[in-house]
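Below is one structure; the comments refer to it alone.
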Amino acid sequence: MPEGGRAIERVTTVVIGAGHAGLAASYFLSHHSIDHIVLERGEVANSWRRERWDSLRLLTPNWQSRLPGHRYEGPDPDGYMTMGEVIEFIERFAAISGASVRAHTNVESLRRTDDGYDVVTNRGEIWCRTVVIASGACNRPTVPRFATEVPATVAQLTPFDYRDPAQLSDGGVLVVGASATGVQLAAELTRSGRPVTLAVGEHVRLPRTYRGRDVLWWMETAGIWNQRHDQVDDLTRARRLPSPQLVGDPQRRTLDLNALAATGVELVGRWAALRDDRALFSGGLRNVFALADLKLRRLLETFDEWARTHGRDAEVEPPERFAPTRVPESTRLQLDLRRGEIRTIVWATGFRPEYGWLDVPVVDPKGQLRHDGGVLESPGLYALGLPVLRRRKSTFIHGIEDDAREVIDHLVGYLAAGR
Ligand SMILES: Cc1cc2nc3c(=O)[nH]c(=O)nc-3n(C[C@H](O)[C@H](O)[C@H](O)COP(=O)(O)OP(=O)(O)OC[C@H]3O[C@@H](n4cnc5c(N)ncnc54)[C@H](O)[C@@H]3O)c2cc1C
């Protein structure tokens, strides 16, 4: 009994977060008969319910949506799930795996004790020997510091605030960031009739299909997504890689910068600074495009080589090469935000995790967990669902099974050793 006579619940393992990662942890903990609970501040699949825009579909095809003991079995394996379908898919996984989820339970602090961890929630305190942090890698949108200096006449939105184009006033939109979120929102806002300018930094260009197959079929079958964290040359860089320019479009259309420019989107360089109410963009779009094109070409060569050496050439179409990204004849290097041309800025500049509740010194100065394949420096503390945690596919739905199995195996070993 703790001081003050408050009862503290005891359990072997606490999992924080009931997204697919926390639920996968629960699946393997149950398999090992380890008593545990999953604490969730909202509901199962909360991020998909509260933090995504209306038109979003998964960019991973349905056949790739699989979790331990649960996979997509509907009539459209090549389609892409809507948000409603993703929520249903994850809810069903929670039901099938019998996960013991405590919804509306926010973890307010996590502290180490002599023999385990003390978890304080809005609904009481729990002591446990081990913890799996599966609270997500994308809890907050990342926005540059200078956003606070944008003139008040220009509205600002992040992907967490954005639902659909009707929310924006008429007039020009500056979308900042050309990864999956930025290209998708730029396309949707252009279709709504608004003039869109897209600020483009380093990005990953991918066609939706290659040689007749979804490009993610190639990523998976050729073994790229399975590459392990300890085989990746520059792990820090791999963990920071932006999401690819893909959209889960039922027509399987490619959404690269050429496609966007063809619909009238104006491309400018990375938004580097804000001075005297002017957005200043980097020059050198030509180099940024050339780098993305080069990486794409190398990736396609890897696919071709894999098909050839694995005797798969006959089952796919012949190799294709795509036109280089077209460099606009002239690009603006600055934009006066007082002129009224831009009415809204949409920050599609990435996401980051949020560990304000974590009172264990395992967070680096950049706000990321320090870990080795999901094993943290504090004994009995683990993480799942972070970029390239154990493999390149770690943050994707289909990537969790292998990671969760191995991380929970480690946890089981730790408990068995009685440390
Ligand atoms: C815009 C976007 C599109 C994506 N598209 C795809 C895709 O097409 N295919 C794919 O495979 N992946 C996609 N992903 C990547 C990934 O699948 C998702 O980010 C997914 O939500 C990650 O699952 P998770 O379980 O790791 O984290 P989350 O789903 O974020 O789950 C974490 C849970 O922890 C809870 N939580 C956080 N802090 C606390 C706390 N202190 N106390 C209690 N609970 C807490 C949250 O409420 C949340 O429910 C996408 C990601 C984003 C951002």
Side-chain angles (χ1 to χ4, degrees), residues 14-26 37-53 55-67 72 79-83 85-87 89-91 93-94 99 101-110 119-123 126 131-142 158-160 162 177 179-185 214 216 219-220 225 242-244 246-249 348 350-359 374 383-387 389 392-401 403-404:
V14 162
V15 178
I16 303 173
H20 73 257
L23 296 169
S26 169
I37 44 175
V38 182
L39 304 180
E40 168 53 56
R41 62 181 171 190
E43 297 160 75
V44 164
N46 208 51
S47 304
W48 299 105
R49 289 174 202 274
R50 315 258 172 257
E51 296 166 1
R52 314 281 192 251
W53 57 98
S55 66
L56 180 66
R57 285 174 180 264
L58 288 189
L59 51 78
T60 40
N62 290 337
W63 57 262
Q64 205 161 38
S65 288
R66 47 174 188 262
L67 289 165
Y72 175 85
Y80 307 92
M81 286 186 195
T82 61
M83 286 307 94
E85 289 165 339
V86 181
I87 293 164
F89 181 76
I90 296 176
E91 274 181 335
F93 176 52
V101 177
R102 219 166 273 178
H104 308 294
T105 307
N106 185 36
V107 173
E108 293 169 349
S109 93
L110 175 71
V119 187
V120 177
T121 78
N122 58 326
R123 302 172 74 184
I126 304 161
V131 176
V132 181
I133 299 174
S135 51
C138 302
N139 305 122
R140 295 259 183 283
T142 313
T158 71
F160 277 25
Y162 177 82
S179 296
T181 300
V183 295
Q184 291 183 27
L185 298 187
D214 196 293
L216 300 185
M219 293 292 279
E220 173 158 319
W225 262 353
S243 57
L246 281 178
V247 59
D249 173 51
F351 304 94
R352 61 182 169 83
E354 158 61 38
Y355 299 120
W357 46 271
L358 183 51
D359 297 321
L384 278 173
L386 304 178
L389 184 101
R392 282 201 187 267
K393 63 182 176 181
S394 290
T395 36
F396 291 91
I397 292 172
H398 69 282
I400 202 64
E401 178 163 3
D403 279 15

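First listed ligand is number 1; within each ligand, the first listed atom is number 1. No hydrogens, no waters, no symmetry mates; every other heavy atom, side chains included, goes into these values.
Shown here are the side-chain contact (heavy atoms from CB on, under 4.5 Å) partners of Val247, two or more places apart in sequence or in another chain: Gln184, Asp249, Leu255.
Heavy-atom distances between Tyr80 and ligand 1 stay at or above 4.0 Å for every pair. Heavy atoms of Leu386 stay at 4.0 angstrom or farther from ligand 1.
Counting only heavy atoms from C-beta outward, the side chains of Arg392 and Met219 never approach each other to under 4.5 Å. You'll find the side chain of His104 reaches within 4.5 Å of the side chain of Glu43, heavy atoms only. Side-chain contact between Trp225 and Leu216: present, with at least one pair of heavy atoms (C-beta onward) separated by less than 4.5 Å. For the pair Leu58/Phe89, no side-chain contact is recorded, criterion being any heavy-atom separation below 4.5 Å from C-beta on.
Here the shortest heavy-atom distance to atom 48 (C) of ligand 1, taken over Glu40, Gln64, Arg50, belongs to Glu40. For the residues Val107, Leu216, Val101, the heavy atom positioned nearest atom 41 (N) of ligand 1 is part of Val107. With atom 30 (O) of ligand 1 as the reference point, the heavy atom nearest to it among Ser47, Pro61, Ala180 is part of Ser47.
A salt bridge is absent between Glu40 and Arg49; no separation between the charged side-chain nitrogens and carboxylate oxygens falls under 4.0 Å.
Close contacts between ligand 1 and Asn106 involve ligand atoms 40 (C), 41 (N), 42 (N) [criterion: under 4.0 Å to a heavy atom]. If you number the atoms of ligand 1 from 1 as listed, the ones under 4.0 Å from a heavy atom of Leu39 come out as 43 (C), 44 (N). The Gly17 neighbourhood of ligand 1 comprises atoms 33 (C), 34 (O), 35 (C), with distances under 4.0 Å to a heavy atom of that residue. The Thr395 neighbourhood of ligand 1 comprises atoms 15 (C), 16 (C), 17 (O), with distances under 4.0 Å to a heavy atom of that residue. Those atoms of ligand 1 that come under 4.0 Å of a heavy atom in Thr60, given as number and element, are 7 (C), 8 (O), 9 (N), 10 (C), 11 (O). Close approach of ligand 1 to Ser135 is summarised as follows: ligand atoms under 4.0 Å from at least one heavy atom of the residue are 32 (C), 34 (O), 37 (C), 38 (N). The contact set between ligand 1 and Ala21, taken as ligand atoms under 4.0 Å from a residue heavy atom, comprises 24 (P), 25 (O), 26 (O). Under a 4.0 Å criterion applied to the non-hydrogen atoms of Trp357, ligand 1 contributes the atoms 41 (N).
Between the side chain of Asn62 and the backbone N or O of Met81 there is at least one donor-acceptor pair closer than 3.5 Å.
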